[in-house]
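Just so you know, these numbers come straight off a predicted model, no measurement behind them. Reminder, nothing fancy here: chain letters follow the sequence lines and each chain counts from 1.
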Number of protein chains: 2
Amino acid sequence: MSSGDVQTSEAERAVTASAGGPDGGAHVRPMRADAMKNRLRILDAAEAVFAAEGLSVPIDVVAERAGVGVGTLYRHFPTKEAMFEAIVITRLQELVAMANEAEAADDPGEALFSFLRELGNQASTKHDLLDALAVAGVDIKSRCATTFEDLQTGIRRLLDRAAACGAVRDDVTTAEVTGLVVGACHAAGQAGLGVTPDRMIDVVCDGLRRGAGHP
Amino acid sequence: MSSGDVQTSEAERAVTASAGGPDGGAHVRPMRADAMKNRLRILDAAEAVFAAEGLSVPIDVVAERAGVGVGTLYRHFPTKEAMFEAIVITRLQELVAMANEAEAADDPGEALFSFLRELGNQASTKHDLLDALAVAGVDIKSRCATTFEDLQTGIRRLLDRAAACGAVRDDVTTAEVTGLVVGACHAAGQAGLGVTPDRMIDVVCDGLRRGAGHP
DNA sequence: GTATATTCGGAGCGGTAGTTCCGGTTGATA
DNA sequence: TATCAACCGGAACTACCGCTCCGAATATAC
């Protein structure tokens, strides 16, 4: 249950630190006002642009949208991937929290299914989250790895609980379920064939229901 | 029913033309022996490399594997995409033929499901096919478009037939079914999480079975 | 054997994208 | 207000990739 506290670097938490007030460590002088303003603008721009275009968007686009030069951008984030992680990790945390909440629901089956639907909504709305989930497991590097494992754990709990009460089949893995949902979103993301992930996820949920073994 | 005859350019069919013997048109002198040998080596290398690495592989890799320079490669194929199409289109044609065969099967439901399983096998084995199917509908350009539409039609027939006899639900589209299968393969293609598409496609098939309306 | 058109090969061009560097600017401090 | 460290901006550097170009090599025809 280490999903609550997150590893954030000194530089990045400086925003909330000086925004929320003086924290314990006084040895780091607060960030300059213009620097902090720019940092927030960069984060806003990055969130919007990454959500709309995904990870493949050039970094200049983020800089332009934020009204900032690329140099400024690299002052705040050592690399493009670091910036990407800063955005994605909060999205993952939201999902983790959602999964933990769902665990308290009465109907284990419906708890799993509604979470999967929400996962589909998020993944098809935020293109960067979709990208992150699609390659999760490839490059296990980055701070996202921990949070992603938390998400995996949360989904596994939902899945196990639903399987234990016979709501879904018990021979599917967490990776397979997430793979199906993320895959559906990936297909839905393609323009030109007018497909929404909703019905595809319905099909997946129905498929999970079928063949449920021991009630 | 135009899935049998395929549009091939003059240059590309020259291989089979001069290999099989003199054809009708005598105004085109047969390709030089070394050129033909290289063309075949390029096609072999391209198929292997694209299957293993997908479309994103640099063209130098194909050239190196074929033991030729990139200049030679571009002599035979005007662009990288053309080479890619030359490989993918035959794969698509195989799938179209498979879909047409499946239409003659006794059990419409099982015909659809076994085809989807085979589609999954192909897509997860040949990485280039997966790439092509994943972006099908985005760039409707290229000669693949026609063949891809043939494939869509074939799948639609299987789907309609299965829905008509009540084997599967009747509210899903062809794009959704292919999206689910291709999405599953996409997830399975990620190394590190050890997932095969088989069981995911099983889940999809079960999901299609459920909610079948009018038998 | 010679002539010639065809083909080969890979250095190089142009464009893209991530990252660095440094002169100019500006907010914080006294 | 004056001083200075921190910060800004974008030109430039590096790496990569698709593609072109042209002198060298060679298969084919006579």
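- Between Thr79(B) and dG18(D) there is no side-chain N or O to OP1 or OP2 distance below 4.0 Å.
- Using modelled atom types, one side-chain atom of Glu176(B) and one backbone atom of Thr173(B) make a donor-acceptor pair closer than 3.5 Å.
- The phosphate of dT7(C) (OP1 or OP2) has no side-chain N or O of Asn38(B) nearer than 4.0 angstrom.
- Whole-Å rounding puts the Ile42(B) CD1 to dG9(C) C1' distance at 12 Å.
- At most 12 heavy atoms of other shown residues, nucleotides or ligands fall within 6.0 angstrom of atom CD in Glu64(B).
- Contact annotation for Val57(B): backbone-only contact, meaning every heavy-atom pair under 4.0 Å involves sugar-phosphate atoms and none involves a base.
- Between Met36(A) atom CE and dA28(C) atom P the separation is 10 Å, expressed in whole Å.
- The interatomic distance linking Lys80(B) (NZ) with dT20(D) (P) rounds to 14 Å, in whole Å.
- Classification of Glu47(B) and Arg91(B) as a salt-bridged pair holds, one side-chain N sitting under 4.0 Å from a carboxylate O.
- The backbone N or O of Ala66(A) sits less than 3.5 Å from a side-chain atom of Arg41(A), completing a donor-acceptor pair.
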- Query: Can Arg117(B) and Asp202(B) be said to form a salt bridge (Lys or Arg N to Asp or Glu O under 4.0 Å), step by step?
  - Reply: CA-CA 8 Å; Arg117(B) 270 187 285 269; Asp202(B) 273 357; 3.5 Å; yes

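- Scanning atom types as modelled, no donor and acceptor separated by under 3.5 angstrom connect the side chain of Arg32(A) and the base of dA28(C).
- Atom C1' of nucleotide dA6(D) and atom NZ of Lys37(A) are separated by 15 Å, given to the nearest angstrom.
- Nucleotides of DNA chain D nearest to Val70(A) and Tyr74(B) differ in position, and the one nearer the 5' end is that of Val70(A).
- Separating the CD1 atom of Ile59(A) from the P atom of dG10(D) is a distance of 15 Å, rounded to the nearest angstrom.
- Each of dG9(D), dG9(C), dA27(D) was ranked by its minimum atom distance to the side chain of Thr72(A); first place goes to dG9(D).
- Per the geometry, CE belonging to Met31(A) stands 7 Å off P belonging to dC7(D), to the nearest Å.
- For the pair Leu73(B) CG and dC8(C) P, the computed distance is 10 Å after rounding to whole Å.
- Nearest to the side chain of Asp34(B), among dA27(D), dC7(D), dG18(D), sits dA27(D).
- A donor N or O paired with an acceptor N or O is not found under 3.5 Å between the base of dT7(C) and the side-chain atoms of Arg75(B).
- Note on His76(A): every side-chain N or O is 4.0 Å or more away from OP1 and OP2 of dC7(D).
- The nearest whole Å value for the distance from the CD atom in Glu64(B) to the P atom in dC8(C) is 18 Å.
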